[in-house]
Amino acid sequence: MEIYHAGSRAVQDRVGVREHADHVGRSVGRGIREVAATFLELQPLLVAGAADPSTGRVWASPLTGAPGFVRATGPHRISVTGGLLPTDPLATAFATPGTPVGTIALDPRTRRRMRLNGRLAPTARGFAVEADQVFSNCPKYLQKRESYELVTDRRPGLARHGGELTPEQAAFVAAADTFFLATRHEGGADVSHRGGDPGFVRIDSPGELSWRDYPGNSMFLTLGNLATDPRAGLLFLDWTTGTALQLTGEAHTEYAPDRRVRFTVRETLETPSALPLRWSAPEYSPANPDPAD
């Protein structure tokens with residue numbers, strides 16, 4: 001199985017980390033180990049990314065449920081039961097067999113995360129994903145949240161669509177310490193995590209935002225995807241109220257004076273009280289750089 005496509009290789013070569021990327025890439029496989037299966041069954045949140053078959057736009061969507069709603073159902077397969085938002089922009093994708101999909105399960109309690117990318121198969125109660133890639137990432141830039149509670153009487157509010165960020169949405173993004181980034185390439189899709197101290201995402205205008213690409217695992221799966229296909233989807237969550245802000249558009253990477261990703265907003269979707277989860281206050285990662293640098 002080839003871990004990296006030409007886009008990722010081009011970025012690795014530009015930054016000078018191909019050898020290290022080859023070393024890290026040995027941890028990527030198709031199998032779901034027992035420790036990974038156990039980790040998945042403890043999670044109340046899964047983020048999935050894909051392209052909407054009807055529009056081609058890429059979105060990142062939150063899926064929630066009681067622990068066990070996502071679980072390994074085979075050595076290379078996970079199943080997701082329910083958890084979709086009523087106005088999920090990926091509803092068509094989740095109902096389309098063979099859709100390339102990326103997923104990430106992130107546990108703020110332990111600063112652990114697991115990514116699984118593959119092909120989707122609709123099921124009677126949700127969907128399954130046959131894995132092409134399974135791997136974990138280091139805890140860098142993950143904010144620790146000690147606990148969460150399930151707010152059983154919380155229901156998603158009326159979804160608000162737009163073409164750019166409102167002042168309130170811009171303030172929400174500027175205060176974020178975490179977001180999820182969905183990208184795709186010819187052979188698949190991927191969702192990654194981005195984290196930092198509040199202010200690490202910069203609002204350049206109502207239709208554009210940017211962030212520094214902090215040093216990571218040197219795989220450059222996300223930037224490699226953007227090098228071949230600029231379509232991207234962003235997901236920002238309010239970890240207290242459950243509000244979800246989904247953005248879709250295009251992104252590109254600038255390499256000077258520092259490595260920065262610039263995202264152009266094409267469509268916004270804000271859903272108040274989208275997630276029935278209330279997390280405790282964050283403890284910021286000691287790896288987070290100063291946003292002012």
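Below, each value reflects all heavy atoms present in this structure, side chains not excepted, and no hydrogens, waters or symmetry copies.
- Looking only at side-chain heavy atoms (C-beta outward), Leu226 and Val261 come within less than 4.5 Å of each other.
- By the 4.5 Å heavy-atom criterion applied to side chains, Gln169 and Thr268 are counted as neighbours.
- Ser192 approaches Thr222 most closely through the heavy-atom pair OG-OG1, 3.0 Å.
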Audit row: Leu120, Phe94, side chain to side chain contact (heavy atoms under 4.5 Å, CB included) steps and yes/no | CA-CA 7 Å; Leu120 187 145; Phe94 293 147; 3.6 Å; yes

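- Neither Leu165 nor Leu269 shares a network with the other; the hydrophobic side chains, linked directly or stepwise wherever heavy atoms of I, L, V, M, F, W or Y lie under 4.5 Å apart, form separate groups for each.
- The closest donor-acceptor contact from the side chain of Ser280 to the backbone of Glu146 lies under 3.5 Å.
- A donor-acceptor pair is defined here as one N or O able to donate and one able to accept, closer than 3.5 Å; no such pair exists between the side chain of Ser273 and the backbone of Gly157.
- Side-chain contact of Arg260 with Ser210: a donor-acceptor pair under 3.5 Å is present, judged by distance alone.
- Taken to the nearest 0.5 Å, the CG atom of Leu116 stands 7.5 Å off from the CG atom of Leu40.
- With hydrophobic clusters built from ILVMFWY side chains whose heavy atoms lie under 4.5 angstrom apart, Leu245 shares a cluster with Val201.
- Among residue pairs with one or both ends in residues 53-78, none qualify as ring-ring contact (aromatic ring centres under 6.0 Å, His included); sequence neighbours excluded.
- To the nearest 0.5 Å, atoms OG1 (Thr271) and CG (Leu158) are separated by 9.0 Å.
- Within the structure, side chain to side chain donor-acceptor pair (under 3.5 Å) contacts touching residues 39-51 (residues at least two apart or in different chains) are Gln43-Asp107.
- With a 4.5 Å cut-off on side-chain heavy atoms, Ser147 and Arg109 do not count as touching.
- Residues Tyr4 and Met219 are in side-chain contact: their nearest non-hydrogen atoms beyond the backbone lie under 4.5 Å apart.
- Atoms CG and CG, on Asp238 and Leu277 in that order, are 11.5 Å from each other to the nearest 0.5 Å.
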I would like to know whether Ile104 and His193 meet side chain to side chain contact (heavy atoms under 4.5 Å, CB included); could you show each step before the answer?
-> CA-CA 8 Å; Ile104 183 170; His193 150 276; 4.0 Å; yes

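- Of the possible polar contacts, one joining the Ser205 side chain to the Glu208 backbone as a donor-acceptor pair under 3.5 Å is found.
- Qualifying side chain to side chain donor-acceptor pair (under 3.5 Å) partners for Asp197, counting only residues two or more places apart in sequence or in other chains: Asn288.
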With a cut-off of 3.5 Å and sequence neighbours excluded, list every side-chain donor-acceptor pair involving residues 14-21.
from: Arg18; atom 1: NE; to: Asp13; atom 2: OD1; distance (Å): 2.8
from: Arg18; atom 1: NH2; to: Asp13; atom 2: OD2; distance (Å): 3.1

Can Arg194 and Asp213 be said to form a salt bridge (charged side-chain N to carboxylate O under 4.0 Å, His left out), step by step?
-> CA-CA 9 Å; Arg194 293 292 185 268; Asp213 187 65; 3.7 Å; yes

Side chains of residues 77-84: which donor-acceptor partners sit under 3.5 Å, not counting sequence neighbours?
from: Arg77; atom 1: NH1; to: Glu130; atom 2: OE1; distance (Å): 3.4
from: Ser79; atom 1: OG; to: Thr73; atom 2: OG1; distance (Å): 2.9

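- In His252, the NE2 atom is crowded: over 12 heavy atoms of neighbouring residues, nucleotides or ligands sit closer than 6.0 Å.
- Annotation: side chain of Ser61 is in contact with side chain of Asp88 (closest heavy-atom distance under 4.5 Å).
- Residues Pro62 and Leu235 meet the side-chain proximity criterion, which asks for heavy atoms closer than 4.5 Å.
- Atom CG of residue Leu209 and atom CG of residue Leu247 lie 6.5 Å apart, to the nearest 0.5 angstrom.
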Please report the C-alpha distance between Leu106 and Val47 in whole Å, then the side-chain angles of each, then the deciding distance to 0.1 Å, and finally whether the side chain to side chain contact (heavy atoms under 4.5 Å, CB included) criterion is met.
-> CA-CA 8 Å; Leu106 184 154; Val47 177; over 6 Å; no

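- Within the structure, every pair that satisfies the salt bridge (charged side-chain N to carboxylate O under 4.0 Å, His left out) test and touches residues 112-125, not counting sequence neighbours, is listed here: Arg115-Asp190.
- Using a 4.0 Å cut-off between charged nitrogen and carboxylate oxygen, Asp204 and Arg202 count as a salt-bridge pair.
- Across all their heavy atoms, Ala244 and Leu237 have their closest contact at CB-CD2, 3.9 Å.
- Trp279 CH2 to Thr241 OG1: the interatomic distance, rounded to the nearest 0.5 Å, is 14.5 Å.
- Residue Cys138 holds its SG atom at 7.0 Å from CG of Asn217, rounded to the nearest 0.5 Å.
- Residue Phe263 is grouped with residue Val11 when hydrophobic side chains (ILVMFWY) are merged at heavy-atom distances under 4.5 angstrom, including chains of intermediate members.
- Listed by chain and residue number, Arg262 satisfy the side chain to side chain donor-acceptor pair (under 3.5 Å) test with Glu254 (two or more places apart in sequence, or in another chain).
- For Arg160, the salt bridge (charged side-chain N to carboxylate O under 4.0 Å, His left out) criterion is met by Glu270, not counting sequence neighbours.
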Could you list the donor-acceptor pairs under 3.5 angstrom formed between side-chain atoms of residues 171-183 and any protein atom two or more places apart in sequence or on another chain?
from: Asp177; atom 1: OD1; to: Arg145; atom 2: NH2; distance (Å): 3.3
from: Asp177; atom 1: OD2; to: Arg145; atom 2: NH2; distance (Å): 2.9
from: Thr183; atom 1: OG1; to: Asn225; atom 2: ND2; distance (Å): 2.9

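- Tyr141 pairs with exactly one of Phe200, Trp211, Tyr214 by the ring pair (Phe, Tyr, Trp, His ring centres under 6.0 Å) rule, that one being Tyr214.
- Considering only heavy atoms from C-beta on, Arg111 stays 4.5 Å or farther from Lys140 through its side chain.
- Counting only heavy atoms from C-beta outward, the side chains of Leu223 and Arg259 approach each other to under 4.5 Å.
- Considering all non-hydrogen atoms of both residues, Gly249 and Arg266 come closest at CA-CG, 3.5 Å.
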What's the verdict on side chain to side chain contact (heavy atoms under 4.5 Å, CB included) for Ile3 and Phe135, showing C-alpha distance, side-chain angles and the deciding distance?
-> CA-CA 11 Å; Ile3 304 300; Phe135 57 104; over 6 Å; no

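- The hydrophobic cluster containing Ile32 also contains Leu46, counting ILVMFWY residues as joined when their side-chain heavy atoms lie under 4.5 angstrom apart, directly or transitively.
- Using modelled atom types, no side-chain atom of Ser8 and backbone atom of His5 make a donor-acceptor pair closer than 3.5 Å.
- For the salt bridge (charged side-chain N to carboxylate O under 4.0 Å, His left out) test, residues two or more places apart in sequence or in another chain that qualify with Arg9 are Asp22.
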Table please: side-chain donor-acceptor pairs of residues 48-58 below 3.5 Å, with sequence neighbours left out.
from: Asp52; atom 1: OD1; to: Ser54; atom 2: N; distance (Å): 3.0
from: Asp52; atom 1: OD1; to: Ser54; atom 2: OG; distance (Å): 2.7
from: Asp52; atom 1: OD2; to: Ser54; atom 2: OG; distance (Å): 3.0
from: Asp52; atom 1: OD2; to: Thr55; atom 2: OG1; distance (Å): 3.3
from: Thr55; atom 1: OG1; to: Arg57; atom 2: N; distance (Å): 3.2
from: Arg57; atom 1: NH1; to: Glu267; atom 2: OE1; distance (Å): 2.7

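- Linking Ile, Leu, Val, Met, Phe, Trp and Tyr residues whenever their side-chain heavy atoms come within less than 4.5 Å places Leu90 and Val101 in a single cluster.
- With sequence neighbours excluded, no residue forms a salt bridge (charged side-chain N to carboxylate O under 4.0 Å, His left out) with Arg33.
- Side-chain N or O atoms of Gln143 include one that pairs as donor or acceptor with a backbone N or O of Ser285 at under 3.5 Å.
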